[in-house]
Amino acid sequence: MLFKHWKEYYEQNKTHFAHIDLDRPDELTEEEKLVISSSLQQFQRGEHSEGKHLYAFAQKFGDPDYLDCIRLFIPEEQRHAMVLAAYMKRKGIPLLRGHWVDNVFRWLRKLSGIENTVRVLLVAEIIAKVYYQALFNATSSGLLRDICQQILKDEDQHILFQCDALKQFQRKRSLFGRWFFSGSQMILMTGTTVIVWWHHRKVLYRGGYNFRKFLKRTFTVFTETNTYINHRENAGAVFPV
Ligand SMILES: [Fe+2]
Ligand SMILES: [Fe+2]
């Protein structure tokens, strides 16, 4: 999809949480709260970013439509953080100020230009896609399930958006450059999957993902994204094309 179409998508999606009444009656059992709290705190923290470096790198890329997309994409992720924060406040789960995994991701995103930033972001989007499905499965809170469902819908589109951007960035790359970037991304994907499993295993396990299944699912989506980036026509049905 062209960036001007992504811009339209993000414009239209500004009211993505309008159908969810965050004040409606809802129940989260104490036992469930114990299982999900610290995990939810970390993901809520990860969703919130001012996106300054992403915006600055996008400016350098020099495509006004892409810059407009980024201008809309950043607040869309911030709305994920805001809605999760509102839910947590209702349930008496305090917000996290920082976490080392989130700090590492923020540092990695700042390391070099736009392609590196988007590749790191894509890894986070893939993890989010699997995690929110697990959280959806793991909870009986109707409100949290509705929030997860909307976030999952958005993350599918984010994955496609990042892939479309990477297709553009790759055009200028030599074969060695492509190999280097996708190899580094593979290493990051592997490390992140292991770390996320360790920190969120209670929610993932309860949501139906043992380590093997989690690894398999994240790498299936990761492979799909690579197929999509390199040969769009061959992409499968793991995320909508
Ligand atoms: Fe998100
Ligand atoms: Fe996202």
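Keep in mind that what you see is a predicted model, and the values were worked out from it rather than measured. Whatever order the structure lists them in is the order used to number ligands and atoms, beginning at 1.
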Q | From Arg145, Lys91, Arg90, residue fulfilling side-chain hydrogen bond (donor to acceptor under 3.5 Å, both in side chains) relative to Asp26 | A | Lys91
Q) Do you know which of Met82, Glu155, His48 makes side-chain contact (heavy atoms from CB on, under 4.5 Å) with Glu77? A) Glu155
Q | Among Glu47, Gln44, Gln150, the one residue meeting side-chain contact (heavy atoms from CB on, under 4.5 Å) with His80 | A | Glu47
Q: For the Fe ion (ligand 2), find the closest N/O/S atom belonging to His158 and write down its atom name.
A: ND1
Within 2.8 Å of the Fe ion (ligand 1), is there any N, O or S atom belonging to [X]?
| X | result |
| --- | --- |
| Glu155 | yes |
| Glu125 | no |
| His80 | yes |
| Glu76 | no |

Q. What's the OE1-the Fe ion (ligand 1)-OE1 angle here (Glu47, Glu77), rounded to 10 degrees?
A. 80°
(Q) Quick test of your reading of the model: are Glu115 and Arg119 salt-bridged, counting only N-O distances below 4.0 Å? (A) yes
**Q.** Glu27 and Lys33 ion-paired at < 4.0 Å
**A.** no
